[in-house]
Peer 1: 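My questions all concern the structure below.
Computed from a prediction, not measured in an experiment: that's the story for all the values here.
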Amino acid sequence: MKIEGMIAGYSRLSWTHSVVTKLLGSGASLKELERNIMAIRIANDIDDHLDCGMLFSNKAEKREARKGEQHPLSRLAKKIELSQLSELVDEVYADQYETELPDVLRSGKSVSFDIKSTNS
């Protein structure tokens with residue numbers, strides 16, 4: 001039942017900058033299930049940004065606004081007492097901030113890759 005609860009919670013949670021900001025501003029402590037869902041969401045975001053993959057999408061334009069400040073997901077990981085996850089967020093985003101990618105390589109899409117269906 002615990003796994004089903006995590007899957008349901010993960011699916012229901014809207015994952016936007018405003019949600020993360022709200023979670024950071026909340027003084028309430030998270031239950032274990034909520035904490036685990038946050039950890040999975042943060043890890044998923046790290047995975048999206050490893051090897052600067054998101055630079056190939058149109059979401060990369062927003063990176064300049066955050067340059068020089070600690071990423072909100074890093075602060076959220078610290079809040080839920082996952083300091084190693086916080087450090088990994090900082091490392092992955094630092095790599096992305098320092099990497100320049102020619103515009104010709106950007107897809108113009110909001111995802112870094114598409115999986116094409118073979119049922120055409």
Peer 1: Treating Thr21 as the side-chain partner and His17 as the backbone partner, does any N or O pair qualify as donor plus acceptor under 3.5 Å?
Peer 2: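 Yes; at least one donor-acceptor contact below 3.5 Å.
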
Peer 1: Taking the side chain as everything from C-beta on, heavy atoms only, tell me whether Trp15 gets closer than 4.5 Å to Asn44.
Peer 2: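 No. Closest side-chain heavy atoms not under 4.5 Å.
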
Peer 1: Please confirm whether the backbone N or O of Tyr10 pairs with a side-chain atom of Arg41, one donor and one acceptor, at under 3.5 Å?
Peer 2: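 Answer holds: yes.
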
Peer 1: I'd like to know if Glu87 and Lys78 make a salt bridge, using a cut-off of under 4.0 Å between side-chain N and carboxylate O.
Peer 2: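 Here Glu87 does not pair with Lys78 in a salt bridge, since their nearest N and O are not under 4.0 Å apart.
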
Peer 1: On a heavy-atom basis, which atom in Ile37 and which in Gly5 lie closest, and how many Å separate them?
Peer 2: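 Distance-wise, the nearest heavy atoms are CD1-O, 4.3 Å.
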
Peer 1: Please tell me if the side chains of Met38 and Lys79 come closer than 4.5 Å, counting only heavy atoms from C-beta onward.
Peer 2: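 Result no, sub-4.5 Å side-chain heavy-atom pair not found.
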
Peer 1: Within a strict 4.5 Å, meaning less than it, do heavy atoms of the Lys2 and Asn36 side chains meet?
Peer 2: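 Yes, close enough: below the 4.5 Å cut-off.
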
Peer 1: Going through the distances and angles, do Ile46 and Leu85 end up as a side chain to side chain contact (heavy atoms under 4.5 Å, CB included)?
Peer 2: CA-CA 9 Å; Ile46 289 169; Leu85 198 58; 3.6 Å; yes

Peer 1: Does Ser11 use its side chain to pair, donor to acceptor, with the backbone of Ile7 at less than 3.5 Å?
Peer 2: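 Flag set: sc Ser11 to bb Ile7 pair under 3.5 Å.
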
Peer 1: Start with the C-alpha distance between Val92 and His71, add both sets of side-chain angles, then the distance that settles side chain to side chain contact (heavy atoms under 4.5 Å, CB included), and finish with yes or no.
Peer 2: CA-CA 10 Å; Val92 166; His71 195 278; over 6 Å; no

Peer 1: Do Asp45 and Tyr93 have side-chain N/O donor and acceptor atoms under 3.5 Å apart?
Peer 2: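 Short answer, yes.
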
Peer 1: To the closest 0.5 Å, what do you measure between CG (Leu23) and CG (Leu13)?
Peer 2: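 Taking CG in Leu23 and CG in Leu13, the distance rounds to 7.0 Å.
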
Peer 1: Would you compute the distance between atom CD1 of Ile80 and atom CG of Leu76 and round it to the nearest 0.5 angstrom?
Peer 2: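 Separation between the atoms: 5.0 Å.
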
Peer 1: From Asp47 CG over to Ile42 CD1, what is the distance, rounded to the nearest 0.5 angstrom?
Peer 2: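 Answer for the CG-CD1 pair, Asp47 versus Ile42, is 14.0 Å.
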
